[in-house]
Amino acid sequence: MRTEYCGLIGTKHLDQTVTLNGWVHTRRDHGGLIFIDLRDREGVVQVVCNPGRAEMFAVAEAVRGEFVVKVVGKVIRREPNLVNPKLRSGEIEVVCQELEILNAAVPPPFQIDDDNINEMTRLEHRVIDLRRPYMQRNMMLRYKVAMAVRRYLDAQGFIDIETPMLTRSTPEGARDYLVPSRVHDGQFFALPQSPQLFKQMLMVSGFDRYYQITKCFRDEDLRADRQPEFTQIDCETSFLNEVEIRAIFEGMFVSVFKEAIGVDLASPVPVMPYSEAMALYGSDKPDLRVNLKFTELTDVMKDVAFKVFSGPANSPNGRVVGLLIPGGAALSRGEIDAYTEFVKIYGAKGLAYIKVNDAAQINETGLQSPIVKNLSPESLKAVIERTGAKSGDLVFFGADKAKVVNDAIGALRVKIGHEKKHLSGEAWRPVWIIDFPMFEYDEENQRWSAMHHPFTAPKDGHEEFLSTDPGKAIAKAYDMVLNGWEMGGGSVRIHREEVQSKVFLALGIGAEEARNKFGFLLDALQYGAPPHGGIAFGLDRLVTMMTGAESIRDVIAFPKTQRAQDLLVQAPSVVDEKQLRELHIRLRNPKAGED
């Protein structure tokens, strides 16, 4: 029906007769001529309708925005002063010979070229929203990224193997989406949070190098970079150590950026231990474009009279840090108050600061702050020396539980860094974060939990800590971080059943519970499991980063809202009583779903 896409028509088609199909993007009547911008997924081309062809011109007078039409016409060169450099087809236009309306359209709920549409309206009318050039570009880039991944992994000997969507509910850190079984009364499948267990069993089966671009499901609270269903580039390989695994997937990451958007990422990607990331940035996914760093002051503040600092400094879980802001003495009181309110979002009670008016005077003359009188000259001197503060600078302080300090001052670091341009000047700053703790302590439930997942292998020599001191165990785990976003995470897995059992015990999972929930994996590990490991990259996050979109909803064709609703098809929805009876389900509050 067509000879070429609208957006691909160019000077190579000069003097050719082409057949085009698409949507009327705009129609302009200039008195004697009608101009139609015809749009498809590749872009827009200008079609000129001349009244000399009366039948065709009558159709042109009838078309309106978003009509679906067929155009047959001759490609000619535009006059030099009419060339549009913003369009790939901007040097040419198509003189219309035949015009057919394939389908008329009612006015859409919003203009296709409007960039200021309420997101709820966009999601409710997602079919129309996806016509917008912005969304079309995003979807096309997503396709390019997926294909680049497949080409790279295929060249590395990986094979694509599908794993089940209906599986067993296992504890992997988030709530499962459950699917009731009609055949097995009172029993449920779970949608997979990841293919983790299946890809490990594929390694035991001898497939050596597996990958899958697959859907995963987690019933968790949503935000800009989360969806209840998301897409993962999931990979696993055997007989490689963690350094070798990172090398393969660093190659993939760099290759995909180059192929998809023409960006040359720095390679080799720098490697940073988790302990260093937390010490300097308060985050295991630091935005290295920001030049600001933490200064550790916990030891300095242990003996000061100021309880706001000495309390956390002497607490086992406390921390005191400084954040030097070069030139920060110029910050207004209003700006400091706004930053104080900002850190409260992360649990901080306030935000202490010192303006360094004169670094040579370590007293209330040279240092401006309500807290200066509460600190000894020795502690003030240590703050100035450690932070490297100079006249005209400012030091913010975080003093609280380590987690609160890391979250609050870490977020403040990024906010001020971008607002006040304390940046490296580099657009892309990837980093590997390695050597994560195996476990983190859950104070609420008084037990250890896996920092990544319970199938991550401990560092060599750390197996003894599993039973004696789990908090000391370091994992063979690694995350790829880019500009403050975790792009992918993985680890070397446990391939020996006795080590896996020790990890379960450290997590408070007894032998009977482990056998009940993971017996199939424990059995598989006894049948000659090879050393293996892998990684999973978030495809949605990756494309979001490349497009510069504010939310992963802008790179998913049919996403959910932050309340996990699909406004297009109105899901979730109430189902009829007959379906519930077939599934052996009775609702406690039948009207709850009708709101």
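A quick note: this is a predicted structure, and the numbers were derived from the prediction, not measured. Start at 1 with the first residue, then count along the sequence.
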Exercise. Determine the interplanar angle of the Phe309 and Phe397 rings, folded into 0 to 90°, and report it as parallel if under 30°, tilted if 30 to 60°, perpendicular if over 60°.
Key: tilted
Quiz prompt | Heavy atoms of other groups near Tyr143 OH, more than 12 under 6.0 Å | solution = no
Quiz item: Going by atom types only, do Arg413 and Ser283 share a side-chain donor-acceptor pair under 3.5 Å?
Solution: no
Exercise. Could you tell me whether Arg122 and Asp554 have a side-chain N and a carboxylate O separated by less than 4.0 Å?
Key: yes
Quiz item: What are the two closest non-hydrogen atoms of Arg429 and Arg289, and how far apart are they?
Solution: CG-CG, 3.7 Å
Exercise. Pick out which of Thr544, Thr231, Thr547 makes a side chain to side chain donor-acceptor pair (under 3.5 Å) with Arg142.
Key: Thr231
Quiz prompt | Validation row: Cys216, Asp234 side chains within 4.5 angstrom (heavy atoms) | solution = no
Exercise. For a salt bridge (Lys or Arg N to Asp or Glu O under 4.0 Å) with Asp400, tell me which candidate from Arg319, Lys344, Lys349 qualifies.
Key: Lys349
Quiz item: Should Thr561 and Leu567 be marked as a side-chain contact (heavy atoms from CB on, under 4.5 Å) after you check the CA-CA gap, both sets of side-chain angles, and the distance that decides it?
Solution: CA-CA 8 Å; Thr561 68; Leu567 298 184; 3.7 Å; yes
Self-check item: Donor + acceptor pair across side chains of Asp540, Gln227 (<3.5 Å)
Solution: no
Quiz item: Quick one: do Asp460 and Lys476 make a salt bridge, cutoff under 4.0 Å?
Solution: yes
Quiz item: Closest heavy-atom contact between Leu507 and Pro454?
Solution: CD1-CB, 3.5 Å
Quiz item: Are His532 and Asp208 linked by a side-chain donor-acceptor pair shorter than 3.5 Å?
Solution: no
Quiz item: Do the non-hydrogen side-chain atoms of Phe455 and Ile494 ever get within less than 4.5 Å of each other?
Solution: no
Quiz item: Does some side-chain heavy atom of Ile354 sit less than 4.5 Å from a side-chain heavy atom of Leu380?
Solution: yes
Practice problem: Answer yes or no for Lys415 and Tyr339: cation-pi contact, defined as NZ/CZ to six-membered ring centre under 6.0 Å and angle to ring axis within 45°. | Solution: no
Exercise. Kindly give the heavy-atom pair with the smallest separation between Gly533 and Tyr478, and that separation in Å.
Key: C-OH, 4.4 Å
Practice problem: Could you name each residue pair satisfying ring-ring contact (aromatic ring centres under 6.0 Å, His included) that touches residues 233-270, not counting sequence neighbours? | Solution: Phe158-Phe249, Phe253-Phe257, Phe253-Phe537, Phe257-Trp428
Quiz item: Is Val343 close to Phe396 at the side-chain level, that is, under 4.5 Å between some pair of heavy atoms?
Solution: no
Quiz prompt | Lys/Arg-Asp/Glu bridge criterion (N-O < 4.0 Å) met for Lys403, Glu440 | solution = no
Quiz item: Arg150 and Tyr211: side-chain donor and acceptor closer than 3.5 Å?
Solution: yes
Quiz prompt | Parallel, tilted or perpendicular: rings of Phe436 and Tyr274 (30°, 60°) | solution = tilted
Exercise. Answer yes or no: is there an ion pair linking Arg151 with Asp154, defined by an N-O contact shorter than 4.0 Å?
Key: no
Quiz item: With side chains defined as the heavy atoms from C-beta onward, is the minimum distance between Glu236 and Ile535 less than 4.5 Å?
Solution: no
Quiz item: Do Asp115 and Arg132 meet the salt-bridge criterion of a basic N to acidic O distance under 4.0 Å?
Solution: yes
Quiz prompt | side-chain contact (heavy atoms from CB on, under 4.5 Å) between Phe306 and Met301, worked out | solution = CA-CA 8 Å; Phe306 192 40; Met301 300 300 173; over 6 Å; no
Quiz item: Do Phe294 and Asn406 have side chains that get closer than 4.5 Å, going by heavy atoms?
Solution: yes
Quiz item: Atom CD1 of Ile161 and atom CG of Leu202: how far apart are they, to the nearest 0.5 Å?
Solution: 5.0 Å
Exercise. For residues Pro326 and Leu292, determine if any side-chain heavy atom of one lies less than 4.5 Å from a side-chain heavy atom of the other.
Key: yes
Quiz item: Do Lys381 and Ile384 come close enough that some side-chain heavy atom pair is under 4.5 Å?
Solution: no
Practice problem: Please determine if Glu119 and Arg553 form a salt bridge, counting it only when a charged side-chain N lies under 4.0 Å from a carboxylate O. | Solution: yes
Quiz item: Thinking salt bridges, do Asp393 and Lys390 make one under a 4.0 Å N-O criterion?
Solution: no
Quiz item: How close do Gly7 and Arg88 get, heavy atom to heavy atom, and via which atoms?
Solution: O-NE, 3.6 Å
Quiz item: When you look at Ile248 and Arg209, which way does the side-chain contact (heavy atoms from CB on, under 4.5 Å) test go after all the steps?
Solution: CA-CA 11 Å; Ile248 287 178; Arg209 293 193 174 194; 3.8 Å; yes
Quiz item: Between Lys560 and Glu229, is there a salt bridge with N-O shorter than 4.0 Å?
Solution: yes
Practice problem: Look at Glu296 together with Arg386 and state whether they make a salt bridge at an N to O cut-off of under 4.0 Å. | Solution: no
Exercise. For Ser391 and Asp358, work out which heavy atoms get closest and say how close.
Key: OG-CA, 3.5 Å
Exercise. Please check if any side-chain donor atom of Ser194 sits under 3.5 Å from a side-chain acceptor atom of Gln196, or the reverse.
Key: no
Self-check item: Step-by-step salt bridge (charged side-chain N to carboxylate O under 4.0 Å, His left out) determination, Asp435 to Lys459
Solution: CA-CA 8 Å; Asp435 292 350; Lys459 284 278 190 183; 2.8 Å; yes
Quiz item: To the nearest 0.5 Å, what is the distance between OG (Ser267) and NZ (Lys258)?
Solution: 12.5 Å
Quiz item: Strictly by modelled atom types, are Arg447 and Ser449 linked by a side-chain donor-acceptor pair under 3.5 Å?
Solution: no
